[in-house]
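Heads up: the structure comes next, in structure tokens.
Heavy-atom basis, side chains included; hydrogens, waters and symmetry copies ignored. Numbered from 1 within each chain, the chains take letters A, B, ... in sequence-line order.
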Amino acid sequence: MNEAKLLPQEYYLSTDVVSVAKNLLGKHLVVSSNGIKTSGAIAETEAYRAPDDRACHAHLNKFTKRTKTMFEPGGTAYIYLCYGIHHLFNIVTAPQGTAHAILIRATSPIEGWETQQLRRKIPKHKYDISNGPGKVSQALAISKQYNGTTIFKEDDAIQIWDHGMDIKPSRIIAGPRVGIGYARESCNLPWRFRIKDNPWTSKPNHVFYPDWPTVDTYGNSI
DNA sequence: CACGGGATCGTCT
DNA sequence: GACGATCCCGTGT
């Protein structure tokens, strides 16, 4: 097995946000908050790309107090409040001035299962521990306090680690993004990616898994 | 399981 | 003053 590697800033400077969104599948999202470390393997992502993408907050490079984080250099956390309740975590990509970002929509728990279950207030062995963007943030204790912080330095609270477990293209399912019906001609772009047969991704995928799975994000027995 | 509505507040018009 | 890149719970089938 390869040695785990903290993704460097160069990884996030790509101008191909759609490819990076796919490549992030299987990487580990690691959060250290108040001395407690929890992590999950990324199972579902969505790409957002200014200026052309109408679903992107920075459509037409709209620059506001909220969107200014998206214009930061790749490797910055973009976290905003959704529906007044949910803190959604995104990773900014591309060089400074280009507002691209990737929404992390689902993770499968790796480190700190118990902690994640407690934060989510759910019993053990439930898929909805982190199969949605708001749930991911609740399980991993991500909140707006980290908006604008970097995610590639050794002591950053939020990091992405590569464990050398790339997801084969044949195991990546692409589809339209969720909840952006208002985005008109952008609403059908297949920029949502999830790992095939992974029960921790958001609906409708998980309904096919009534039982606790016997394989992990990578297809290995657990 | 499908559907509908309420929660709740920062952001932008 | 309106509206979300959502979630949860209740209802009905």
>> Show me the dot-bracket string of DNA chain C, counting Watson-Crick or G-U pairs under 3.5 Å, with | for pairs to another strand and [ ] for crossing ones.
In response: ||||.|||||||.

>> Can you tell whether the side chains of R177(A) and D53(A) come within less than 4.0 Å, N to carboxylate O?
In response: yes

>> Counting the atoms with a prime plus P, OP1 and OP2 as sugar-phosphate, which does L103(A) contact under 4.0 Å by heavy atoms, base, sugar-phosphate, or nothing?
In response: base

What pairs of nitrogen or oxygen atoms, one from the protein and one from nucleotides 7-11 of chain B, lie under 3.5 Å apart?
residue, atom, partner, partner atom, Å
dT8(B), O2, Y83(A), O, 2.5
dG10(B), O3', K144(A), NZ, 3.4
dT11(B), OP1, K144(A), NZ, 3.2

>> I need the T76(A) OG1 to N90(A) CG distance, nearest 0.5 Å.
In response: 12.0 Å

>> Under a plain distance cut-off of 3.5 Å, with no hydrogens placed, do E46(A) and Y48(A) share a side-chain donor-acceptor pair?
In response: yes

> Whole Å only: how far is the NE2 atom of H57(A) from the P atom of dG4(C)?
Replying inline: 10 Å

>> In whole Å, I'd like the distance from the NZ atom of K135(A) to the P atom of dC9(C).
In response: 10 Å

> Just one of T107(A), I129(A), V136(A) clears the side-chain contact (heavy atoms from CB on, under 4.5 Å) bar with W200(A), so which one?
Replying inline: I129(A)

>> Can a side-chain donor-acceptor contact be found between Y11(A) and N23(A) if the only test is distance below 3.5 angstrom?
In response: yes

>> Measuring centre to centre across the rings, with the benzene-like ring taken for any Trp, is H57(A) within less than 6.0 Å of Y80(A)?
In response: yes

> To the nearest angstrom, how far is L88(A) atom CG from dC7(C) atom C1'?
Replying inline: 11 Å

>> In this structure, how many angstroms lie between the P atom of dA5(C) and the NE2 atom of H87(A), rounded?
In response: 15 Å

> For DNA chain C, whose closest nucleotide is more 5', that of I122(A) or that of I180(A)?
Replying inline: I180(A)

> M70(A) and V18(A): same hydrophobic cluster, using ILVMFWY side-chain contacts below 4.5 Å?
Replying inline: no

>> For K22(A), is there an ion pair with D16(A) - N to carboxylate O distance below 4.0 angstrom?
In response: no

>> Regarding R120(A), tell me which of base, sugar-phosphate or nothing describes its non-hydrogen contacts under 4.0 Å with the strands shown.
In response: sugar-phosphate

>> Rounded to whole Å, how long is the line connecting atom CG of N131(A) with atom C1' of dT6(C)?
In response: 12 Å

> Below 4.0 angstrom, N of the basic side chain to O of the carboxylate: do R194(A) and E44(A) qualify?
Replying inline: no

> What integer distance in Å separates R192(A):CZ from dT6(C):C1'?
Replying inline: 13 Å

